[in-house]
Amino acid sequence: MWKHYELKKEFKNNKFNCFYNKEKKATVHSFGSIAELIECYEENFIAGKWINNAAHGEVPKINETQAQREKRMKREDKWQYGSRMTAGKTYERLVNGFATEEQLTKVAAEKDKIYSTYPQLNELEAVAILKKRRKKFSDDGYEIDIDRYLIGEPEQWIARSNVDGLKRTAKIQYDMPTSAANDPEAFMKNMTFLAAFIDIIEMGGISCELWVSASATNVVVDDLKEKYTSCEVCLKHAHESLDIQRLISAGNVGLFREYFFSTWDNITRSKGQRGLGQAIDQVKVNEIYGDYFEADILIKAADFWASRNVIEMSIKKLQQIYGIEAT
């Protein structure tokens, strides 16, 4: 059974929740948004503590001067932040929900690829037509329409969105081990796929809730005899409109290797091996955390090595939600 757990270590403006399962010896540190994760990091955590070498050193964040902060924001590391990225650029993109035009173009291309490969998705939209959003556009609004943006339409903002009838919801959980072996580009590639797929799902009348997580083993929280730990953050709640740019910004590898790692390093402690624990075997992710995530669609990092399986599994789940006989 998963229970709320109060950490012994105190944090300023603590907005995250901790959960513990005694039988499974597992914990979860959960943030309701990227903003909450970054705020906790900025006010409490020590950046770079987990990279204890001469090249990086430890960068204390508590009571840091403006000069120290400016130096920290200029830090470059391809493995930690990606190509042509710095700590500061990562911070700005995550805070502002920024995505480049190239990244948005890749999302549109990914959508076309998914539709052409899996025409049954069009069937889902047809079934959901009465529940599909009716959009009106203007030069100002609450959400940008990616297709109109890419073709240069002056009225590219959604001014109003109405939904006829009850709109179904689906929770998607994406678990991405932050293994040193994962290429920084893999994070953005996977997020591009997720953004495209969620856009398709929402066009079919289903509101998505998206959480991303990273799980590891061989770490300790306080004096709990715990074996597994996971950090998660919600990128989109079901009641929120889809913001493609903000979703894509979460594909920056620094979200995982700066903010998630620092969360682990400040809340947990390793059992002595190099690094922050070890990535959990992907079969174990569902075994340990499946009943906590309670996701309609659980996507593990290894699944992306065979993305066809991800989509086919997801389509079957969507068919169940709509009450369509599986094909």
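Owing to the predicted nature of the structure, the values given are computational and were not obtained by experimental measurement.
Taking the six-membered ring wherever Trp is involved, the centroid distance between the rings of Phe256 and Phe261 does not fall below 6.0 Å. Annotation: Trp2 is in aromatic contact with Tyr292 [ring centroid separation under 6.0 Å].
For the pair Glu209 and Asp296, the minimum side-chain heavy-atom distance is 4.5 Å or more. Within the 4.5 Å cutoff, the side chain of Lys111 has no heavy atoms near those of the Phe197 side chain. Side chains of Leu247 and Leu194 form no contact here, defined as non-hydrogen atoms less than 4.5 Å apart. The shortest distance between side-chain heavy atoms of Val107 and Asp199 does not fall below 4.5 Å. Side-chain contact check for His4 versus Tyr20: every heavy-atom pair is 4.5 Å or farther apart. Two residues are said to be in side-chain contact when any heavy atoms from C-beta on lie closer than 4.5 Å; Glu39 and Ile34 fail this criterion. No side-chain heavy atom of Asn21 sits under 4.5 Å from any side-chain heavy atom of Tyr289. The shortest distance between side-chain heavy atoms of Leu242 and Ile244 falls below 4.5 Å.
The cationic atom of Arg69 (NZ for Lys, CZ for Arg) lies less than 6.0 Å from the six-membered ring centre of Tyr91 and within 45° of the ring axis.
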Checklist entry - After noting the C-alpha distance and the side-chain angles of Arg257 and Trp79, does the key distance pass the side-chain contact (heavy atoms from CB on, under 4.5 Å) rule? => result CA-CA 8 Å; Arg257 289 180 173 163; Trp79 179 84; 3.3 Å; yes

Checklist entry - Between Ile114 and Phe193, is a side-chain contact (heavy atoms from CB on, under 4.5 Å) present by the stated rule, with each step listed? => result CA-CA 9 Å; Ile114 294 173; Phe193 166 82; 4.0 Å; yes

Checklist entry - What's the verdict on side-chain contact (heavy atoms from CB on, under 4.5 Å) for Asn17 and Glu6, showing C-alpha distance, side-chain angles and the deciding distance? => result CA-CA 8 Å; Asn17 292 303; Glu6 293 292 340; over 6 Å; no

Next on the checklist: Does Ser30 form a side-chain contact (heavy atoms from CB on, under 4.5 Å) with Phe16? I'd like the steps, not just the answer.
Outcome noted: CA-CA 5 Å; Ser30 181; Phe16 63 92; over 6 Å; no

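Put simply, the side chain of Lys171 gets close to the backbone of Phe293: a donor and an acceptor are under 3.5 Å apart. Judged by distance alone, the side chain of Asp77 and the main-chain N or O of Gln80 form a donor-acceptor pair under 3.5 Å. Looking only at distances, no side-chain donor or acceptor of Asn252 sits under 3.5 Å from a matching main-chain atom of Gly254. When atom types are taken as modelled, the side chain of Ser116 and the backbone of Lys113 share a donor-acceptor pair closer than 3.5 angstrom. At distances below 3.5 Å, at least one donor-acceptor pair connects side-chain atoms of Asn96 with backbone N or O atoms of Glu92. The backbone N or O of Ala99 lies less than 3.5 Å from no partner atom in the side chain of Gln103, so there is not a single donor-acceptor pair.
Rounded to the nearest 0.5 angstrom, Trp211 CH2 and Ser230 OG are separated by 11.0 Å. We find the CE-CG distance between Met188 and Leu255 to be 10.0 Å, quoted to the nearest 0.5 Å. From His237, atom NE2 reaches atom OG1 of Thr169 across 13.5 Å, with rounding to the nearest 0.5 Å. For the atom pair Leu235 CG and Asp243 CG, the distance stands at 11.0 Å (nearest 0.5 Å). Between Cys231 atom SG and Phe260 atom CZ the span is 4.5 Å, to the nearest 0.5 Å. Taking CD1 of Ile299 as the start and OH of Tyr174 as the end, the distance is 8.5 Å to the nearest 0.5 Å.
With 3.5 Å as the limit, one finds a donor-acceptor pair spanning the side chains of Glu232 and Gln173. Ser213 and Asp175 form a side-chain donor-acceptor contact under 3.5 Å, judged by distance and modelled atom types alone. Donor-acceptor pairing under 3.5 Å is recorded for the side chains of Thr229 and Thr27.
Between Gly82 and Val253, the shortest heavy-atom contact is N-CG1, 3.5 Å. Heavy atoms only, all atoms of each residue included: Leu94 and Ser249 are closest at CD2-O, 3.3 Å. Nearest approach of Ala26 to Ile288, heavy atoms of both residues: CB-CG2, 3.8 Å.
Salt-bridge check for Arg72 with Glu42: passed, with a basic side-chain N closer than 4.0 Å to an acidic carboxylate O. Salt bridge present: Lys24 and Asp291 bring a charged side-chain N and a carboxylate O closer than 4.0 Å. Salt bridge status for Glu240 with Arg246: absent, with no side-chain N to carboxylate O gap under 4.0 Å. Of the charged side-chain nitrogens involved, at least one lies within less than 4.0 Å of a carboxylate oxygen, so that Lys236 and Glu202 count as a salt-bridged pair. Between Glu102 and Lys106, at least one side-chain nitrogen of the basic residue sits less than 4.0 Å from a carboxylate oxygen of the acidic one, meeting the salt-bridge criterion.
Cluster membership check: Val212 shares its hydrophobic cluster with Ile38, using side-chain heavy-atom separations under 4.5 Å among Ile, Leu, Val, Met, Phe, Trp and Tyr. In this structure, Met85 is not a member of the same hydrophobic cluster as Met73, with clusters built from ILVMFWY side-chain heavy atoms closer than 4.5 Å.
For the pairing with Tyr81, the side chain to side chain donor-acceptor pair (under 3.5 Å) check across Lys89, Glu76, Arg75 returns one residue only, Arg75.
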